[in-house]
Amino acid sequence: MKNLRIVQKMALGYLLLVLLPVIVFGGYLYNQFYMDVMSEYSEGKQKLVVQAGEGFRSNLNKLESIHALFQNNQQLIDYLSGYYVSDAQQVYNYLKDIRPLFMYAQSRDNEISSIKLYKTMSEVQTVQGELENVDQMNERPLDLLSTVNVDEGIWLRGRGDDTTKLPSLSYYQRIYNNSYTEPLGVLEIKSNELLLRNFLKAVDVNQNMQVAIVQDGAKVYHSDGIELDDEQTNELLAMADASNRGYAYLRKQRTLVNSISVPELTTTFYFFSRMDEVFVDIKVKIIVLGLTLLVSLAVLTGIYYATATSLVRRVLGLAKHMRQVDESNLTYYAAGDSNDEIDFLTRSYNSLVRRIDELLGTVRKTELMKKEADYLVLQAQIKPHFLYNTLESIRMLAELNNDQEVVGATYTFGRLLRYTLNSGENESELNLELDNVRHYLEMHKLRMLDRLRFSIEVSANIDDIRCPRFILQPIVENCIQHGIGRSRKRGEIDIAVRRERTELVITIRDNGPGIPEERLKVLRGVLDNELERETLQTDNSGFGLYNVSERIRAFYGGQTALLIESREGEGATFTLRLTVPER
């Protein structure tokens, strides 16, 4: 034990004396209790589901028996066989013998939505809603009826994509002549929602279960409240299908699923139950069991604490010594001769103290050298106002020489430089930002002369509106460098400021060659944060537009955005939509 690491000693003692006994004992008791309750509840629930399923199949058979009323009615067989030649005979016999049959069959059960006959002989008169031609019938039931015997019918589910509504059911069976050699029609019996709802209510008396209906491998209905994801739901359904008991259980999610198959409908019904409801009545037993485990844990923890104290004492001594150490009191701590972590930590600590003492001496020397370097930098620093005064002196000399172009250029450059070098704040007034752009364009106009024309139009009140510095100049620079700078025709840059309700809209338009479509997609993707901004970097362009977009979004919030519109050969338009409510 002496050469074991401290973590190994503590972990081994806690595992053997506290954790393992409590887990084994408590887990065994809880598992036995849990499984007994779970098995009893699951089997009782499955019996209820099977019993309700038998009642549901009985209701299906009751609806199927309506076919016998029509097949064994001789007046109906004669009518469908075309024995009544004149229209008057057909109308008379239909009203006298056949319509009462429809009314009687419809009134037998409130679960019936409608009953309809589709006749095969065209000579027989049709009756809207009761007797229609077979060619008006859906082809799917006819195809399926051709695969069954003459005394059998089929059940079909009404088509629909909405799985939150109970599906409607329809029963189809042929009507034959007396010798069963010729089909005279097809009987269609449509049920309403009560057929399935009464079945589900018989299973879920308390209305606290969730239901899923699967037909031919596809989920056709599911109720609200199934608190499982698709993977967990599919796992439960597969477990229920594979079980010969008809139910399955996910212990982690405390969810039980009972199932029953109805062969007539090729459908399986799954009923989900939360097992938390089952354990409401047995909380007292669980509390007693938990208290017993807690008392056992407290006793075992006390024994373990007494054992671990001897190991922790040295760690506490080292921690107390380390709290007393500071820059003026770097003392060593006496280490033992064992190989466990405490003595290794002590020796490492002593080595660290020695190293810190050495570094403190080095830091003092470095600080002295830094102060000397700062003094030299301060001596060599040129204040910005010295540069402004120099430009002003040049402008005055140009005025003395009556060189107005140099005067204007020097003045404009001075204003531009003063705004650029004023780094005291990260924001400015919008009208000052527009003045800076105007000075910037005037400096470019000195170089480009008549090849550049620009206009700045402000049709909104922008007094006292603040903005981040340099949100317009990078866009104007982009228009010159990548727009009109690449075109031989006269360049035009138009800047307009207007208000649209709660937004201040600034548009910057150029008549350059435009932005290629692929590059435009990349720009928009980066500005919308759908693409990584590294995709924007090229040999001669970088992150200027991205930085403008992010800065205005952080400054104004809301729906603020930088939008770009362009077509090759038609220039580009940059729109800043700033969320600035009108004062």
Side-chain angles (χ1 to χ4, degrees), residues 34-63 110-111 155-158 160-171 191-282:
Y34 186 92
M35 294 308 297
D36 290 342
V37 174
M38 175 63 203
S39 177
E40 181 178 354
Y41 177 83
S42 302
E43 291 177 1
K45 198 70 174 178
Q46 186 63 26
K47 290 180 181 178
L48 176 63
V49 171
V50 172
Q51 182 178 0
E54 293 298 327
F56 176 65
R57 297 181 67 182
S58 175
N59 288 338
L60 294 180
N61 292 333
K62 184 172 65 174
L63 295 184
N110 59 357
E111 297 176 347
W155 283 94
L156 291 179
R157 172 183 62 89
D161 297 329
D162 190 357
T163 59
T164 61
K165 295 183 179 179
L166 284 173
S168 61
L169 301 176
S170 300
Y171 179 74
S191 67
N192 55 31
E193 195 179 68
L194 287 176
L195 180 62
L196 284 174
R197 190 167 298 281
N198 290 338
F199 167 51
L200 300 182
K201 186 176 181 180
V203 175
D204 186 15
V205 179
N206 298 324
Q207 300 293 311
N208 55 6
M209 297 174 62
Q210 287 77 47
V211 183
I213 303 176
V214 177
Q215 185 179 46
D216 297 329
K219 187 184 295 183
V220 299
Y221 171 77
H222 65 86
S223 61
D224 295 331
I226 300 180
E227 301 176 351
L228 299 173
D229 55 30
D230 293 339
E231 182 178 356
Q232 294 171 340
T233 302
N234 294 334
E235 181 182 356
L236 261 179
L237 299 185
M239 291 170 61
D241 294 338
S243 173
N244 54 6
R245 297 174 296 181
Y247 62 86
Y249 179 64
L250 278 181
R251 184 165 183 172
K252 184 177 181 181
Q253 285 74 26
R254 292 181 176 268
T255 303
L256 170 71
V257 59
N258 297 89
S259 66
I260 183 172
S261 297
V262 181
E264 294 89 341
L265 306 179
T266 64
T267 300
T268 304
F269 295 82
Y270 300 91
F271 301 90
F272 297 84
S273 304
R274 294 289 295 176
M275 293 301 294
D276 292 336
E277 306 166 6
V278 182
F279 293 94
V280 172
D281 298 330
I282 56 176

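Every value quoted in this text rests on a predicted model; they were computed, and no experiment measured them. No hydrogens, no waters, no symmetry mates; every other heavy atom, side chains included, goes into these values. Position 1 is the first residue of the sequence; numbering continues from there.
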Rounded to the nearest 0.5 Å, how far does CG of Leu166 lie from CD1 of Ile213? 5.5 Å
The single option from Ile260, Val50, Asn258, Val49 passing side-chain contact (heavy atoms from CB on, under 4.5 Å) against Val203: Val49
Within the distance-only criterion (no hydrogens, no angle test), does the side chain of Glu264 pair as donor or acceptor with the backbone N or O of Arg57 below 3.5 angstrom? no
Gap between atom CG of Asn198 and atom CD of Glu193 - 0.5 Å precision: 10.0 Å
Once you round to the nearest 0.5 Å, how far does OG of Ser170 lie from CZ of Arg157? 11.0 Å
Looking only at non-hydrogen atoms, find the nearest pair between Gln210 and Ser223 and report the distance. CA-OG, 3.2 Å
Kindly indicate whether the side chain of Asn192, heavy atoms from C-beta on, has any atom under 4.5 Å from the side chain of Asn110. no
State the OG-OH distance between Ser261 and Tyr270, to the nearest 0.5 angstrom. 6.5 Å
Should the ring pair Phe56 and Phe199 be called parallel, tilted or perpendicular, given that the plane angle runs from 0 to 90° and is split at 30 and 60? parallel
Once rounded to the nearest 0.5 Å, what's the spacing between atom OG of Ser58 and atom NZ of Lys62? 7.0 Å
Exercise: identify the closest heavy-atom pair between Ser273 and Lys45: OG-CE, 3.9 Å
Value for CG (Leu169) from CG (Leu196), rounded to nearest 0.5 Å, stands at 4.5 Å
For Gln215, does its backbone N or O pair with a side-chain atom of Thr267 as donor and acceptor, under 3.5 Å? no
Show the nearest heavy-atom pair for residues Tyr247 and Ser39, with the distance to one decimal. OH-O, 4.5 Å
Determine the sole option in Leu256, Val257, Leu48, Leu200 for which the side-chain contact (heavy atoms from CB on, under 4.5 Å) test with Phe271 is passed. Leu200
Using atom types as modelled and distance alone, determine if a side-chain donor or acceptor of Ser191 lies under 3.5 Å from a backbone N or O of Glu111. no
